[in-house]
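Shown next, in structure tokens, is the structure this report addresses.
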Amino acid sequence: MLEVSKESVIATLQDHGGRMLQKQLSAIYKPLLADKSQRPIFQKIVNQVAFVKTKTEENGESIKVVFLKKELRSSPSSTHSRSSPRHVIP
């Protein structure tokens, strides 16, 4: 079951390769954000675990992309992480 929590937002972003459009992320959580008291909590959680970059498309339209913070991209406890394993060079 989906919930507004750090773990849930991290898992959602990890399931999407560590980044996704802001409107896609918002659409996933939209049913939970119908309760207006949950919106600031959701925004705070997203800001804690990710950062948002605005990109301008060729047609001049701005899109916002949410990127999972680097330290959260490859969580050892996550089986959903799509990041490639890192090789340590001695």
Suppose we screen for side-chain hydrogen bond (donor to acceptor under 3.5 Å, both in side chains). Which residues come up paired with T54, at least two apart in sequence or across chains? none
Mind checking whether I63 and V52 sit in one hydrophobic cluster, side chains of I, L, V, M, F, W, Y counted as touching below 4.5 Å? no
Roughly how far, to the nearest 0.5 Å, is CD1 of I10 from NZ of K69? 10.0 Å
Could you state whether I45 and F67 fall into the same hydrophobic cluster, counting links through intermediate Ile, Leu, Val, Met, Phe, Trp or Tyr residues with side-chain heavy atoms under 4.5 angstrom apart? no
Indicate every side-chain donor-acceptor pair of residues 19-31 with a distance under 3.5 Å to a residue at least two apart or in another chain.
from	atom 1	to	atom 2	distance (Å)
Q24	OE1	L21	N	3.2
S26	OG	Q22	O	3.1
Y29	OH	S8	O	3.0
Y29	OH	S8	OG	2.7
Y29	OH	V9	N	3.3
Y29	OH	T12	OG1	3.0

Could you tell me the separation between the CG atom of L32 and the CZ atom of R39, rounded to the nearest 0.5 Å? 12.0 Å
Looking only at non-hydrogen atoms, find the nearest pair between K6 and Q48 and report the distance. CE-OE1, 2.6 Å
Which heavy-atom pair separates I41 from S37 by the least distance, and what is that distance? CD1-O, 3.6 Å
Is there a continuous path of hydrophobic side-chain contacts, each under 4.5 Å between heavy atoms, that joins L68 to V65? no
Are V49 and V4 co-members of a hydrophobic cluster defined by side-chain heavy atoms under 4.5 Å apart? yes
The side-chain hydrogen bond (donor to acceptor under 3.5 Å, both in side chains) partners of N59 (sequence neighbours excluded) come to none
